[in-house]
> 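Here it is, the structure, as C-alpha cells.
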2 protein chains.
Amino acid sequence: MEKNLKRRETMHRLCAKGLEIFHEKGYYNTSLDDILKELELSKGAFYHHFKSKEDYFITIIQNLIVQKVYALLVEPLNTQENPLPIILDSLENALEPGKRNEMAYGFMLNDFLTEFNKRNLEISTYLKDIIKVWEVNLVSVLKRGKIDGHIARHIDCEGVATYIIASYLGMRSLLMDNTNRQLKYQYVQQLKHYFNSITERSVIA
Amino acid sequence: MEKNLKRRETMHRLCAKGLEIFHEKGYYNTSLDDILKELELSKGAFYHHFKSKEDYFITIIQNLIVQKVYALLVEPLNTQENPLPIILDSLENALEPGKRNEMAYGFMLNDFLTEFNKRNLEISTYLKDIIKVWEVNLVSVLKRGKIDGHIARHIDCEGVATYIIASYLGMRSLLMDNTNRQLKYQYVQQLKHYFNSITERSVIA
DNA sequence: TGTTAAACCGACTCAATGGTCGGTAACAAT
DNA sequence: ATTGTTACCGACCATTGAGTCGGTTTAACA
C-alpha cells in the first residue's frame with residue numbers, strides 16, 4: 001500500500017505549491033510548467049493525477065481554500081458570546097500576514113473571485129459558494145447577537161454581513177502588495193466604530 | 001488635416017472597445033484579435049497606433065479610467081457642504097449600473113488592481129496612483145468636515161478614507177456578475193450607520 | 001497629376017502553453 | 001521470478017497570441 005501513500009503525497013505537493021504560485025501570479029498567468037519545474041515533476045506526473053488544469057484548481061479549492069476560509073472565518077464564529085468582538089477578531093486574524101513560510105495574508109478569495117469572474121463559470125461558482133457559506137454563518141451569528149441583546153433591534157443582519165464581507169474583500173485588495181501595517185490597524189479601528197453604531201444601546205440609559 | 005482626425009478617431013475606438021472587453025474578460029484573457037475583430041481593424045492598424053499591448057492599456061488608463069474615477073468619485077467631493085452625505089451619494093452613484101450602452105457598474109478599479117498586482121508593476125502603479133488620488137481627496141474633504149463640525153473630533157480621517165475605499169472596492173467584487181439590486185441598497189444602508197458613528201454629536205444635548 | 005506620408009492590411013514568425021502518448025522504473029501480488 | 005499495475009518521464013502536438021513586415025490604399029499637397 002505504499003503506492004497509495006506516494007500518490008497522496010505527490011498530489012498534495014502539487015496542490016500546495018499550485019495554490020502558492022497561483023496566488024502569487026494568478027491562475028491564467030501561471031503555466032503548469034512553472035509549477036512542475038519547482039517540484040521537479042513532469043507533465044506526465046501531473047496528468048496522471050489530474051485531468052486538466054481546471055480540474056486541478058478545483059481540487060485546490062476544495063482541499064485547501066475551503067479549509068482555510070473555514071478555519072479563519074467560519075469556525076471562530078462558533079461561540080455563544082457577543083458576536084461583534086468575535087467577528088472583529090476573526091477578521092483581524094485573517095488579515096494577519098502568515099508566519100514565516102506560510103502564505104502571506106492568509107488567503108486570497110478576492111483575488112481569485114475577480115480573476116475567474118466571467119472567465120470560468122464553474123470555478124466562479126465554487127468560489128462564490130465559499131463566500132455564501134461565510135455569509136450565512138455571519139448572518140446567523142448576528143441574528144443570535146440580536147436576540148441576546150448585543151445588536152440593535154432595527155439592524156438588518158443580512159446588510160451587516162454584506163458590508164463586513166465587502167470591506168474585508170476590499171481590504172485584501174488594498175493590502176495586496178503592501179506591507180503596510182497601518183492599513184490593517186486603520187481598518188480594525190473603523191470597523192469598531194461601525195460595530196458601535198449597530199450595538200444595542202444599554203436599555204438602562 | 002483629415003488624417004489627424006482619422007487617427008484620433010481610430011485610436012479612440014480602439015481604446016473604448018478595449019476598455020469594454022478588457023473589463024469584461026480581463027486583460028490577460030483578451031487577445032488583441034478579440035478587439036480587432038469587433039472593430040474590423042487589422043494587426044497593422046493596431047501597431048501603427050500603439051507600440052505594444054501594454055502601452056495600449058496604459059493609454060486606456062490615462063485617457064478613460066482616470067477620467068471616469070475623477071468624474072464619479074473625486075469631483076463630486078468639491079463642495080462646501082457636510083462631506084458625509086456627499087461621499088455617500090458619490091459611492092451610490094458609482095455603483096449604479098451604467099445606463100443602456102454604458103459599461104455596467106461605472107468602472108472596474110478593483111478588478112484591474114487585482115489582475116495586475118504582482119504581474120505588471122508599471123500598470124499596477126498607475127492604478128494604485130488613481131486610488132491614491134481618490135484617497136487624498138477623501139482625506140482632505142473629511143478633514144474639512146471635522147473642522148466644520150460635521151465629523152467627531154477624535155476620528156482618524158485617513159482611517160475613514162481607507163475604510164471607505166476598502167468597502168467600495170469589496171462591493172464591486174460582490175456586485176460583479178450579480179444584478180442584485182439588494183446588495184447595493186444594503187451597502188448604502190450600512191455605510192449610513194457607519195457614518196453616523198463618526199458624526200459629531202450635536203454639542204447641545 | 002504626381003509624390004509623399006500616413007493609415008491600414010494580413011500573412012507570417014516565434015514563443016508559450018495545455019494537453020497527449022508511448023515508454024520506463026518501481027513496487028505489489030502471485 | 002513473473003506479471004500486472006501504478007507513478008512518472010519527456011518528446012511531441014496543436015493552438016493561441018503578441019509582435020513583424022512588406023505591401024496597398026487614401027488623403028494632403030506641390
Side-chain angles (χ1 to χ4, degrees), chain A residues 1-61 112 115-116 118-123, chain B residues 1-61 112 115-116 118-123:
Chain A
M1 270 297 96
E2 195 192 294
K3 275 281 168 74
N4 210 326
L5 257 176
K6 192 82 201 288
R7 178 181 182 81
R8 296 167 91 86
E9 141 104 22
T10 303
M11 286 181 75
H12 184 264
R13 284 207 309 146
L14 276 165
C15 287
K17 181 60 78 179
L19 179 56
E20 183 188 325
I21 305 191
F22 285 143
H23 178 224
E24 197 177 307
K25 308 202 304 170
Y27 174 85
Y28 289 110
N29 207 41
T30 300
S31 71
L32 293 179
D33 286 330
D34 289 342
I35 297 164
L36 264 10
K37 204 185 302 162
E38 288 226 14
L39 295 176
E40 294 183 346
L41 281 172
S42 66
K43 274 284 175 65
F46 179 87
Y47 281 94
H48 179 68
H49 293 295
F50 302 98
K51 69 184 234 293
S52 68
K53 189 183 180 188
E54 187 182 0
D55 170 57
Y56 173 46
F57 193 72
I58 291 174
T59 305
I60 290 177
I61 294 179
F112 288 136
E115 183 167 14
F116 289 108
K118 284 180 191 152
R119 284 180 268 286
N120 185 312
L121 186 59
E122 191 181 356
I123 292 185
Chain B
M1 272 295 99
E2 196 192 293
K3 273 282 169 73
N4 212 326
L5 256 176
K6 193 79 200 290
R7 177 182 182 79
R8 297 169 90 86
E9 141 104 21
T10 303
M11 286 183 75
H12 183 264
R13 284 208 307 145
L14 276 167
C15 287
K17 182 59 80 177
L19 179 56
E20 183 188 325
I21 305 192
F22 285 144
H23 177 223
E24 198 178 306
K25 308 202 303 168
Y27 175 85
Y28 289 111
N29 206 40
T30 300
S31 71
L32 294 178
D33 286 328
D34 290 342
I35 298 164
L36 264 11
K37 203 185 303 165
E38 288 226 15
L39 295 176
E40 293 182 348
L41 282 174
S42 66
K43 273 283 174 65
F46 179 88
Y47 282 95
H48 179 67
H49 294 295
F50 302 98
K51 70 184 234 292
S52 68
K53 189 183 179 188
E54 186 181 0
D55 171 58
Y56 173 45
F57 192 74
I58 290 174
T59 306
I60 290 178
I61 294 178
F112 289 136
E115 184 167 12
F116 289 109
K118 284 179 191 154
R119 285 181 266 287
N120 186 312
L121 187 60
E122 191 179 358
I123 293 185

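Quick note: numbers below take in every heavy atom, side chains included, and nothing from hydrogens, waters or symmetry partners. Every chain is numbered from 1, with letters handed out A, B, ... down the list of sequences.
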> Show me the protein contacts with nucleotides 10-14 of chain C, counting only N or O atoms at under 3.5 Å.
residue: C:dG10; atom: O6; partner: B:G44; partner atom: N; Å: 2.9

> Below 4.5 Å, heavy atoms only, C-beta onward: do B:H48 and B:R7 meet side chain to side chain?
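Yes, at least one pair of side-chain atoms sits under 4.5 Å.
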> Hey, can you pull the donor-acceptor pairs under 3.5 Å for the side chains in residues 52-59 of chain B, sequence neighbours left out?
residue: B:S52; atom: OG; partner: B:E54; partner atom: N; Å: 3.4
residue: B:S52; atom: OG; partner: B:D55; partner atom: N; Å: 3.1
residue: B:K53; atom: NZ; partner: B:Y27; partner atom: O; Å: 3.0
residue: B:K53; atom: NZ; partner: B:T30; partner atom: O; Å: 2.9
residue: B:E54; atom: OE2; partner: B:N120; partner atom: ND2; Å: 3.2
residue: B:D55; atom: OD2; partner: B:K51; partner atom: N; Å: 3.1
residue: B:Y56; atom: OH; partner: B:L14; partner atom: O; Å: 2.6
residue: B:T59; atom: OG1; partner: B:D55; partner atom: O; Å: 2.9

> Could you tell me whether the side chain of B:L32 reaches within less than 4.5 Å of the side chain of B:Y47, counting heavy atoms only?
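They are in contact (side-chain heavy atoms under 4.5 Å apart), so the answer is yes.
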> Respond yes when some side-chain nitrogen or oxygen of A:T10 is under 4.0 Å from OP1 or OP2 of D:dA7, and no when none is.
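So the side-chain polar atoms of A:T10 never come under 4.0 Å of the phosphate oxygens OP1 or OP2 of D:dA7.
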> Mind calculating the distance between CZ (B:R7) and C1' (D:dA28) to the nearest angstrom?
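Taking atom C1' of D:dA28 as the reference, CZ of B:R7 is at 16 Å.
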> Rounded to the Å, how far apart are B:M11 CE and C:dA6 C1'?
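Rounding to the nearest Å, CE of B:M11 and C1' of C:dA6 are 14 Å apart.
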> For B:K37 and D:dT16, what is the distance between atoms NZ and P respectively, to the nearest whole Å?
10 Å
> Using a 4.5 Å cut-off on heavy atoms from C-beta on, say whether the side chain of A:E24 contacts that of B:R119.
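No, too far: nothing below the 4.5 Å cut-off.
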> Quick one, A:L19 and A:F112 - any side-chain contact, counting heavy atoms below 4.5 Å?
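A:L19 vs A:F112: side chains touch.
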> Expected output is a numbered-order residue list: members of residues 48-55 of chain A with a heavy atom under 4.0 Å from any atom of DNA chain D. What is it?
A:H48, A:H49
> Would you mind reading off the distance between A:Y47 atom OH and D:dA11 atom P, rounded to a whole angstrom?
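Roughly 17 Å, once rounded to whole Å.
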> Once you round it to whole Å, what is the distance between P of C:dA7 and NZ of B:K6?
9 Å
> Calculate the interatomic distance between B:Y28 atom OH and D:dT16 atom C1'; express it in whole Å.
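So the two atoms are 17 Å apart, to the nearest Å.
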> Please give, in whole Å, the distance from C:dG18 C1' to A:D33 CG?
9 Å
> Send over the distance from B:E9 CD to C:dA7 C1', rounded to a whole Å.
13 Å
> Checking A:E115 side chain against B:E115 main chain: does a donor-acceptor pair fall under 3.5 Å?
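Judged by distance alone, no pair lies under 3.5 Å.
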> Kindly list each side-chain donor-acceptor pair under 3.5 angstrom involving residues 33-42 of chain B, sequence neighbours excluded, with atom names and distances?
residue: B:D34; atom: OD1; partner: B:S31; partner atom: OG; Å: 3.2
residue: B:D34; atom: OD2; partner: B:K25; partner atom: NZ; Å: 2.9
residue: B:D34; atom: OD2; partner: B:S31; partner atom: N; Å: 3.1
residue: B:D34; atom: OD2; partner: B:S31; partner atom: OG; Å: 3.4
residue: B:E38; atom: OE1; partner: B:K17; partner atom: NZ; Å: 3.2
residue: B:S42; atom: OG; partner: B:G44; partner atom: N; Å: 3.4
residue: B:S42; atom: OG; partner: B:A45; partner atom: N; Å: 3.2

> Any chance you could measure B:H49, atom NE2, to B:T10, atom OG1, to the nearest 0.5 Å?
4.5 Å
> Just compare D:dC9, C:dT20, D:dA18 and give me whichever is closest to any side-chain atom of B:L32.
D:dA18
> Using the test side chain to side chain contact (heavy atoms under 4.5 Å, CB included), find all partners of A:R8 that sit at least two apart in sequence or belong to another chain.
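Partners of A:R8 under the side chain to side chain contact (heavy atoms under 4.5 Å, CB included) test: A:N4.
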